[in-house]
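Structure first, commentary second.
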Number of protein chains: 2
Amino acid sequence: MKNLESTMLTFKGKAYPCCASLTMGLIGGKWKTAILFHLMNEKLRYNELRKLMPTVTERTLSLQLKALEEDGLVKRKVYTSKPPLKVEYSLTDFGKTLIPLIQSIANWGDFVVENYS
Amino acid sequence: MKNLESTMLTFKGKAYPCCASLTMGLIGGKWKTAILFHLMNEKLRYNELRKLMPTVTERTLSLQLKALEEDGLVKRKVYTSKPPLKVEYSLTDFGKTLIPLIQSIANWGDFVVENYS
DNA sequence: AATTATACTATTCTTTTTGATAGTTATTGC
DNA sequence: GCAATAACTATCAAAAAGAATAGTATAATT
């Protein structure tokens, strides 16, 4: 019998018990998919994201963006070097591989609202 | 300008800011997709699930199963009425509508392990 | 000169989620 | 008769996520 670690999947230093858990480790939580959903088709600035997600607090938005950045899904680009006047968030190439999945997640949510409520 | 509630989606008494959030409200968290992934192709008993997910605690497995049941995704069938000798968990018809999505989630996890680690 | 906008961070607090450990009731196999 | 298995529940604790509120530095706008 193998030990547990050998059956675990790892990514960025974290271990996950199965491939589905790994995905959820990266996009799970209350806000991450919402952010990714909004970034799917366009780059957005911090305050533009806030307006699209009026119920998230600034701190939480900030933390989630940072987490997505650390996992390599989102990139943060600062314009006008010295003071950060303009910051644009967008999907990285790696993040773009998630687009079909995010779309499916959004579609299933729509489907539920239409058919089960 | 509309107020916030009017733009929210609701399901089973909970409100979500967007369709992607609604989906994640139902399948998010550390263990739910793993459970759904294992139930995708077969009915499983409590202890069978435990063996497939050796790192989850009994309490957590129990709670997550109950949450999935409450959201109507998983059904719990008890055999041999009086003492609960045999309990089988399986997807409901509603839960089965998630299969393609769960599969995509698992596939993306596999893809990440193969290409980004 | 005062206000507003941008993109945050800091602090504190509450809620939710998850884990660790032990205990329960009943049944089956030896 | 005794240990093992099944399917949990109970209690306590820790960690993570999220909310509320306030504050900061810079620049543009009026």
Side-chain angles (χ1 to χ4, degrees), chain A residues 4 8 12-18 21 24-35 38-39 43-71 74-90, chain B residues 4 8 12-18 21 24-35 38-39 43-71 74-90:
Chain A
L4 286 182
M8 295 287 246
K12 299 250 176 189
K14 283 185 187 170
Y16 301 92
C18 85
S21 304
M24 296 310 283
L26 297 189
I27 68 168
K30 195 168 172 185
W31 298 108
K32 283 183 184 172
T33 47
I35 294 172
H38 289 304
L39 290 179
K43 300 177 193 293
L44 288 170
R45 299 176 63 178
Y46 181 83
N47 275 3
E48 291 174 327
L49 277 169
R50 283 197 61 204
K51 276 166 207 153
L52 290 169
M53 303 162 57
T55 54
V56 73
T57 62
E58 297 204 54
R59 175 190 139 90
T60 298
L61 178 56
S62 203
L63 287 175
Q64 300 303 306
L65 282 168
K66 212 165 279 175
L68 290 168
E69 210 189 330
E70 268 174 30
D71 284 333
V74 162
K75 64 169 170 266
R76 178 176 181 279
K77 186 163 184 189
V78 183
Y79 292 89
T80 68
S81 52
K82 276 169 273 174
L85 268 198
K86 183 175 174 183
V87 181
E88 264 186 1
Y89 293 93
S90 59
Chain B
L4 285 182
M8 297 285 247
K12 299 248 175 190
K14 283 185 188 169
Y16 303 92
C18 86
S21 303
M24 298 310 282
L26 297 189
I27 68 169
K30 195 168 172 182
W31 296 109
K32 282 183 184 173
T33 47
I35 294 172
H38 290 304
L39 290 179
K43 299 175 193 295
L44 289 170
R45 300 176 62 179
Y46 181 82
N47 275 4
E48 292 173 328
L49 276 168
R50 284 197 60 204
K51 276 164 207 154
L52 291 168
M53 304 163 57
T55 54
V56 72
T57 62
E58 298 203 56
R59 177 189 137 88
T60 298
L61 178 57
S62 204
L63 288 175
Q64 301 302 305
L65 282 168
K66 211 164 283 177
L68 290 168
E69 212 189 329
E70 268 174 31
D71 284 333
V74 162
K75 65 170 168 263
R76 179 176 180 278
K77 185 163 182 187
V78 183
Y79 292 89
T80 68
S81 51
K82 277 168 274 175
L85 271 196
K86 184 176 173 183
V87 181
E88 264 186 2
Y89 292 93
S90 59

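Chain letters run A, B, ... following the sequence lines, proteins first, then strands; residues in each count from 1. What you see is a predicted model; the values in this text were computed from it and never measured.
Atom C1' of nucleotide D:dG18 and atom NZ of A:K32 are separated by 13 Å, given to the nearest angstrom. Rounded to whole angstrom, the span from the CZ atom of A:R45 across to the P atom of C:dC8 amounts to 10 Å. When rounded to the nearest whole Å, the span between CD of A:E48 and C1' of C:dA7 equals 12 Å. The NZ atom of A:K86 sits 9 Å away from the P atom of C:dA7 (whole-angstrom rounding). Note: CD (B:E58) to C1' (D:dA7) measures 8 Å, nearest angstrom. The CG-P distance, from A:L49 to C:dC8, rounds to 10 Å in whole Å.
Nucleic acid contact class of B:L63 (heavy atoms, under 4.0 Å, all strands): base. Among the heavy atoms of the strands lying under 4.0 Å from B:K66 are primed sugar atoms or P, OP1, OP2 only; no base atom is included.
Counting non-hydrogen atoms of other residues, nucleotides and ligands closer than 6.0 Å to NZ of B:K14 gives a total of 12 or fewer.
Considering only heavy atoms from C-beta on, A:Y89 comes within 4.5 Å of A:V74 through its side chain. Counting only heavy atoms from C-beta outward, the side chains of B:H38 and B:L49 approach each other to under 4.5 Å.
Take A:T57 and apply the side chain to side chain donor-acceptor pair (under 3.5 Å) test, not counting sequence neighbours, and it matches A:T60. Scanning for side chain to side chain donor-acceptor pair (under 3.5 Å) contacts around A:R50 gives A:E58, with sequence neighbours left out.
Checking D:dA6, D:dA19, C:dC8 against every side-chain atom of A:Y89, the shortest atom distance belongs to C:dC8. In the set D:dC8, C:dT18, D:dA19, the nucleotide with an atom closest to the side chain of B:R76 is D:dC8.
Distances shown here put every side-chain N or O of A:T57 at or beyond 4.0 Å from the OP1 or OP2 atom of D:dA20.
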### Message
Please determine whether side-chain contact (heavy atoms from CB on, under 4.5 Å) holds for the pair A:L61 and A:I35, giving the CA-CA distance in whole Å, both sets of side-chain angles, and the decisive distance to 0.1 Å.
### Response
CA-CA 9 Å; A:L61 178 56; A:I35 294 172; 3.9 Å; yes
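Ranked by how close their nearest DNA chain D nucleotide is to the 5' end, B:S62 and B:K51 are led by B:K51. Ranked by how close their nearest DNA chain D nucleotide is to the 5' end, A:V56 and B:R50 are led by B:R50.
If you run side chain to side chain donor-acceptor pair (under 3.5 Å) between B:Y79 and each of B:R45, B:E88, B:K86, only B:E88 comes through.
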What N/O pairs connect the protein and nucleotides 11-17 of chain D at under 3.5 Å? Give each pair on its own line.
from: D:dT11; atom 1: O4; to: B:R59; atom 2: NH1; distance (Å): 3.4

